[in-house]
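Bear in mind that the values here come from a model prediction, so they are computed numbers and not experimental data. In what follows, chains are A, B, ... by sequence order, proteins preceding strands, each numbered from 1. Every heavy atom of this structure was used, including side-chain atoms; hydrogens, water molecules and symmetry mates were not.
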Protein chains: 2
Amino acid sequence: MARSAGITQERVVTVAAELADAHGLAALTLAQVAARLGVKLPSLYNHVDGLPGLQRELAVLGIRELGTCLRDAAVGKAGDDAVLAVAQAYRAYVLAHPGRYAATVRAPAPDDAELQALSAWVVGVVVTVLAPYELGEAGTIHAVRGLRSIAHGFATLEQAGGFGLALDRDTSFLRLLRAFLAGLRATGSAP
Amino acid sequence: MARSAGITQERVVTVAAELADAHGLAALTLAQVAARLGVKLPSLYNHVDGLPGLQRELAVLGIRELGTCLRDAAVGKAGDDAVLAVAQAYRAYVLAHPGRYAATVRAPAPDDAELQALSAWVVGVVVTVLAPYELGEAGTIHAVRGLRSIAHGFATLEQAGGFGLALDRDTSFLRLLRAFLAGLRATGSAP
DNA sequence: CTTGACAAACTAATATTATTAGTCTATAGT
DNA sequence: ACTATAGACTAATAATATTAGTTTGTCAAG
């Protein structure tokens with residue numbers, strides 16, 4: 001080791017995640033992270049590969065946490081209950097950790113195997129929850145995309161302050177999910 | 001006038017919109033805009049109020065264009081056809097102009113009457129399209145939020161490269177919309 | 001116990017960018 | 001013709017990211 005100040009990549013990423021959640025991913029700077037850790041800015045380069053590297057680590061953290069939340073939300077549930085729980089967990093994660101969630105949305109580099117694998121794992125969790133609907137292979141993927149669009153779209157709009165009117169947002173989300181599920185059963189594998 | 005180089009706010013915003021669409025809103029810099037216009041950076045301050053001001057102008061442009069697209073998409077259509085057309089137009093706009101669309105998502109300042117009014121106008125367009133479903137006042141707002149979440153969520157995920165698998169995205173989107181519409185009729189104003 | 005290699009901090013230097021202050025000049029309106 | 005000004009400019013400042021090179025504890029081998 002060295003004249004070390006006990007900094008690790010994990011600590012850097014944790015502090016960055018807190019800052020990104022609090023002030024937005026766009027406002028995250030290495031200077032802030034360094035100040036929070038009590039080191040000079042260039043020292044961070046010993047632990048992360050610059051700002052792009054740090055954002056990639058944030059994405060890894062976010063996808064891992066998100067996947068865990070979704071999986072945990074589904075245990076002991078089935079059918080519509082499970083789908084509702086997963087979607088609610090998705091929304092809750094976005095609202096609780098908007099910064100790290102934003103990091104997960106950027107498409108991973110084509111050669112980033114770890115990130116690709118994590119994404120596939122999360123998709124797998126949702127596929128499992130949708131299995132009982134017997135939508136077929138393609139139909140299931142369409143449904144995963146639909147459910148993810150709904151959860152992502154609602155939560156990110158909500159987080160951005162996009163729902164101005166004073167109408168309960170929990171109700172809006174629940175209605176949207178129920179409509180989607182009813183439609184899934186009704187339309188089956190139509191067009 | 002002055003030893004003018006023919007710069008106007010409109011030209012500044014137009015160039016900024018092109019750059020934001022091409023390279024992402026986050027990568028938009030005043031330096032780039034100035035270079036593209038053939039002026040020095042500080043000269044832009046005669047036309048826009050710094051980077052935040054420019055982004056606000058981009059939001060105005062984006063909401064105005066988006067609202068126009070949605071309105072135009074709905075003329076001569078009714079019921080499901082109209083809703084589908086509006087949603088497709090929403091997605092098409094996001095994909096065609098991701099930079100200016102991203103600018104529209106940030107919540108407008110509470111004292112920004114122009115932006116608030118434009119947002120309300122766009123909501124009004126969607127409310128009109130949903131009127132025939134007779135969902136009631138609150139039900140209509142819930143449905144507007146749902147439809148917007150679907151279009152925003154799908155389009156932004158797609159634009160970010162979030163749909164990796166080789167499965168037709170047009171079909172995914174159409175299925176999602178049909179499921180939502182079928183669910184709207186089925187569940188009516190349930191929970 | 002010494003010593004040498006290295007990890008991890010540092011300082012210093014450079015490049016971008018945004019912003020503000022103040023200057024200059026061509027032109028529009030009197 | 002004169003003048004006020006809009007709209008360009010230069011200059012200066014501050015924040016950030018990045019790279020290069022330096023220093024210094026600490027760990028482990030001899």
Side-chain angles (χ1 to χ4, degrees), chain A residues 1-61 99-100 102-103 106 109 111-112, chain B residues 1-61 98-100 102-103 106 108-109 111-112:
Chain A
M1 291 290 181
R3 92 214 236 194
S4 168
I7 309 293
T8 65
Q9 185 185 76
E10 189 183 348
R11 289 230 296 145
V12 172
V13 174
T14 299
V15 166
E18 288 166 4
L19 288 170
D21 287 340
H23 307 87
L25 181 64
L28 177 67
T29 66
L30 292 181
Q32 280 180 327
V33 175
R36 187 70 88 83
L37 287 167
V39 299
K40 300 294 170 133
L41 195 157
S43 303
L44 298 180
Y45 282 76
N46 290 314
H47 305 285
V48 293
D49 192 10
L51 193 56
L54 178 58
Q55 287 169 346
R56 203 223 82 139
E57 298 305 323
L58 274 185
V60 169
L61 175 67
R100 51 194 98 177
R106 325 228 242 238
D111 60 341
D112 192 334
Chain B
M1 292 290 182
R3 94 214 234 194
S4 169
I7 308 293
T8 65
Q9 183 185 76
E10 189 183 350
R11 290 232 295 145
V12 172
V13 174
T14 300
V15 166
E18 289 166 3
L19 289 172
D21 287 341
H23 310 302
L25 181 63
L28 177 68
T29 66
L30 291 180
Q32 281 180 323
V33 175
R36 188 70 89 82
L37 287 167
V39 298
K40 301 295 170 136
L41 196 157
S43 304
L44 297 180
Y45 282 76
N46 289 315
H47 305 285
V48 294
D49 193 10
L51 192 56
L54 178 57
Q55 288 170 343
R56 202 221 81 137
E57 299 304 323
L58 274 185
V60 169
L61 175 67
R100 49 193 99 176
R106 322 227 244 237
D111 60 340
D112 191 334

Can I get a per-line list of side-chain donor-acceptor pairs under 3.5 Å for residues 10-18 of chain B, giving both atom names and the distance, sequence neighbours left out?
from	atom 1	to	atom 2	distance (Å)
B/Arg11	NE	B/Gly6	O	3.4
B/Thr14	OG1	B/Glu10	O	2.8

Ignoring hydrogens and angles, write down the donor-acceptor pairs under 3.5 Å from the side chains of residues 42-57 of chain B, residues two or more places apart or on other chains.
from	atom 1	to	atom 2	distance (Å)
B/Ser43	OG	B/Lys40	O	3.3
B/Asn46	ND2	B/Ser43	O	3.4
B/Gln55	OE1	B/Arg106	NH2	3.2
B/Arg56	NH1	B/Asp112	OD1	2.9
B/Arg56	NH1	B/Asp112	OD2	2.8
B/Arg56	NH2	B/Glu114	OE1	2.8

What parts of residues 39-48 of chain A reach DNA chain C, counting only heavy atoms under 4.0 Å away? A/Val39, A/Lys40, A/Pro42, A/Ser43, A/Asn46, A/His47
Taking only heavy atoms on the protein side, list every residue of residues 49-58 of chain B lying under 4.0 Å from any atom of DNA chain C, sorted numerically. B/Gly50, B/Leu51, B/Pro52
Quiz: residues 19-26 of chain B side-chain donor-acceptor pairs under 3.5 angstrom, not counting sequence neighbours:
from	atom 1	to	atom 2	distance (Å)
B/Asp21	OD1	B/Gly99	N	2.8
B/Asp21	OD1	B/Arg100	N	3.0
B/Asp21	OD2	B/His97	ND1	2.9
B/Asp21	OD2	B/Arg100	NE	2.8
B/Asp21	OD2	B/Arg100	NH2	2.9

Going by number, which of residues 6-32 of chain B have a non-hydrogen atom under 4.0 Å from DNA chain D? B/Gly6, B/Ile7
Applying side-chain hydrogen bond (donor to acceptor under 3.5 Å, both in side chains) as the test, list every pair that has at least one member in residues 27-37 of chain A; sequence neighbours left out. none
Looking at A/Ala59 and A/Ala103, what are the two nearest heavy atoms and their distance? CB-O, 3.4 Å
